[in-house]
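In what follows, every heavy atom counts, from backbone to side chain, and hydrogens, waters and symmetry copies are set aside. These numbers come from a predicted model, not from an experiment.
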Amino acid sequence: MTTKMAINAKDIFRNQHRLIRFLEQSIRLCSNQSLKAAQAAQQQQKSSADFEITASVDAQYTSAPEPIKHDKNLGHQFRASQISVRLAAPEQLQPKPDNDENLGFGRLFTDHMLKIYYHKSLGGWQRPEITPLENLVMHPAAKVLHYAVELFEGMKAYRGVDGKIRIFRPDMNMNRMNLAAQRSGLPTFEGKEFVKCLSRLLSIDSEWVPHTDTASLYIRPTLIGIDPTLGVASSDSALLYTILSPVGSYFKTGSSGAVSLLADPSYVRAWPGGVGNRKMGSNYAPTINVQKEAASKGLQQVLWLYGEDHQLTEVGTMNIFMFYVNDQGEQELVTPPLSGLILPGITRDSILRMTRQWGKFKVSEANITMPMVCELLNQGRLLELFGAGTACVVSPVNRISYLGQDLYIPTMEQEKPVHELIRETLTDIQYGRVDHPWSVVID
């Protein structure tokens, strides 16, 4: 191959994402009219729904997180404008899945990844780089391997009905990630700049975003301490990286579409003063054995309880919601408060803000206990129980195994279930069927 041919080939690979996007848009032009007709029909159908959410959101129902205050000795920050890109060679490109409908969760990965190193000795954050997906190389004494000095986030990219790719409330993920970094002794960063870097990665691997509204591209930002020294201390070197994975449904549910839960008060996920409200790997490893116990009993997930009154905290990796008739005869949606025991979920926050804006039933944050659940069931006042999170959006619950008894929850028996309305409204925003400030388009 001549030098000129090599340079031309390099240019082609560098700009392959632009070529793919151009071809995609050209192909879809021919079906544009049918797409618009379908959207119009769907919008007309939704106009008769009980609730509707539009692009107009009151200030009291949506707000940006507080800016993160960086340590004064952190050093310089990275900027998205500094990013370098090294595209995968043809032989490094992975085959894309043939059927987006049958995707599992977290088994396939895209062709590229984002890496940003931090070295205090070099002045702080280094230049962001996008590279082919590759193994990480680190010293065997790296702090992440010994003291679990690490944290991660979970986000998704959605291909909208208009072909555009969107991410959902990324500022919330960045804020939560920085709070976890502060708690772990890891360096913080500018969230807006990181989102710009993620957007560049998504534009390069855009064809990995599934062409369906039943799947999405999972985004896994991760921050690890890589100091090559033993000893429990803050990390002077770290790696912030992101990998992408096309995903389908997170849970394998029963034929009803709902999940069954093991509620065993002898196991505790988090406690006051701990880090149950931070997305750290150390919160998840101890739950795996309990999950195995649930599976051995024919149950899909674990309902985590806390305290002598058996408070509901989380279900699997999700926040928990209950819809019931309260003592005043009102319908009420309730979820546990952010007391430090549970993760401040982005989906949780979105559901609270969205349903409060609807104003159709009472919405509150209060403790839910298993005795309360049992009493409401016996009185016929418990209507729905469901989990909520990025991976599953909304997951209804139909059975709880608790202290030797099976509690059957009538979540799937409601004529107009609230959890379905919440799921539809959120996915309408995420897939661009409804314009909304929570949904950020990737250019």
Side-chain angles (χ1 to χ4, degrees), residues 68 71 105-106 116-118 136 138-155 172-189 194 218-243 245 250 262 264-295 301-307 311-320 336 338-348 387 389-392:
I68 290 292
D71 188 283
F105 192 90
I116 313 172
Y117 283 93
Y118 173 87
L136 301 179
M138 66 183 72
H139 195 280
K143 289 199 184 315
V144 62
L145 302 176
H146 298 267
Y147 311 114
V149 182
E150 66 86 44
L151 56 100
F152 62 93
E153 268 301 323
M155 307 167 65
M172 298 287 289
N173 294 94
M174 297 301 101
N175 181 264
R176 190 170 67 179
M177 196 171 188
N178 268 312
L179 289 174
Q182 288 178 333
R183 189 71 166 82
S184 307
L186 285 166
T188 55
F189 55 89
F194 190 48
Y218 193 76
I219 306 168
R220 173 48 64 88
T222 307
L223 178 58
I224 62 176
I226 59 173
D227 266 18
T229 57
L230 298 178
V232 181
S234 297
S235 291
D236 289 339
S237 292
L239 172 61
L240 174 61
Y241 70 92
T242 301
I243 52 178
S245 173
Y250 185 76
L262 171 65
D264 187 338
S266 64
Y267 298 114
V268 178
R269 175 192 169 272
W271 49 90
V275 290
N277 59 344
R278 299 291 174 249
K279 209 165 179 66
M280 301 174 177
S282 54
N283 283 333
Y284 295 85
T287 70
I288 295 172
N289 195 52
V290 189
Q291 173 60 41
K292 284 184 178 180
E293 182 178 334
Q301 283 295 316
V302 178
L303 178 58
W304 297 100
L305 307 178
Y306 174 77
Q311 297 172 30
L312 281 65
T313 58
E314 291 194 1
V315 50
T317 58
M318 303 177 287
N319 295 122
I320 186 79
L338 298 179
S339 61
L341 294 177
I342 68 173
L343 192 72
I346 284 84
T347 307
R348 173 191 180 277
T390 299
C392 67

Under 3.5 Å donor-acceptor, Arg269 side chain and Gly276 backbone: yes
Thr287 vs Val302, side chain to side chain contact (heavy atoms under 4.5 Å, CB included): CA-CA, chis, key distance, verdict: CA-CA 9 Å; Thr287 70; Val302 178; over 6 Å; no
Between CD1 on residue Ile226 and CG on residue Leu186, distance to nearest 0.5 Å: 10.5 Å
side-chain contact (heavy atoms from CB on, under 4.5 Å) partner of Leu223, the single match among Thr242, Ile116, Leu151, Asn178: Leu151
Atom pair CD (Gln291) and CD (Gln301), whose distance is rounded to the nearest 0.5 Å: 4.5 Å
Residue pair Ala181 / Pro187: nearest heavy atoms and the distance that separates them: CB-O, 3.9 Å
Nearest atoms (heavy-atom pairs only) where Arg183 meets Gly274: NH2-O, 3.7 Å
Check: Pro286 and Tyr267 side chains under 4.5 Å, non-hydrogen atoms: no
Donor-acceptor contact below 3.5 Å, side chain Asp264 vs main chain Ser266: yes
Separation of Met155 CE from Asn173 CG (nearest 0.5 Å): 4.5 Å
Exercise: identify the closest heavy-atom pair between Trp304 and Gly316: NE1-O, 3.6 Å
Nearest-0.5 Å distance, CD1 of residue Ile68 to CZ of residue Arg176: 12.5 Å
Any donor-acceptor pair under 3.5 Å from Tyr147 side chain to Gly231 backbone: yes
Heavy-atom pair with the smallest gap, counting every atom of Gly154 and Tyr218: CA-OH, 3.1 Å
Backbone of Ile224 reached by a side-chain donor or acceptor of Lys143 within 3.5 Å: no
Parallel, tilted or perpendicular, as decided by the 30° and 60° cut-offs, for the rings of Phe194 and Phe189: perpendicular
Spatial distance of atom OG1 (Thr390) from atom NZ (Lys279) [nearest 0.5 Å]: 7.0 Å
Polar side-chain atom of Asn283 near backbone of Arg278 as donor-acceptor pair, under 3.5 Å: yes
Whether Asn319 side chain and Leu343 backbone form a donor-acceptor pair below 3.5 Å: yes
Reported CH2-to-CG distance for the pair Trp271 and Leu341, which is rounded to 0.5 angstrom: 10.0 Å
Candidate pair Met138 and Leu239, rule side chain to side chain contact (heavy atoms under 4.5 Å, CB included), full reasoning: CA-CA 10 Å; Met138 66 183 72; Leu239 172 61; 5.7 Å; no
Student check: side-chain heavy atoms of Gln311 and Pro336 closer than 4.5 Å: no
The single option from Thr313, Ile320, Asn277 passing side-chain contact (heavy atoms from CB on, under 4.5 Å) against Ile342: Thr313
Shortest non-hydrogen contact from Pro140 toward His146: O-NE2, 2.7 Å
Closest heavy-atom pair and its distance - Gly106, Ser245: CA-OG, 3.5 Å
Selection residues 231-241 - residue pairs positive for side-chain hydrogen bond (donor to acceptor under 3.5 Å, both in side chains), sequence neighbours left out: His119-Ser237
pair Tyr118-Leu240: side-chain heavy atoms closer than 4.5 Å: no
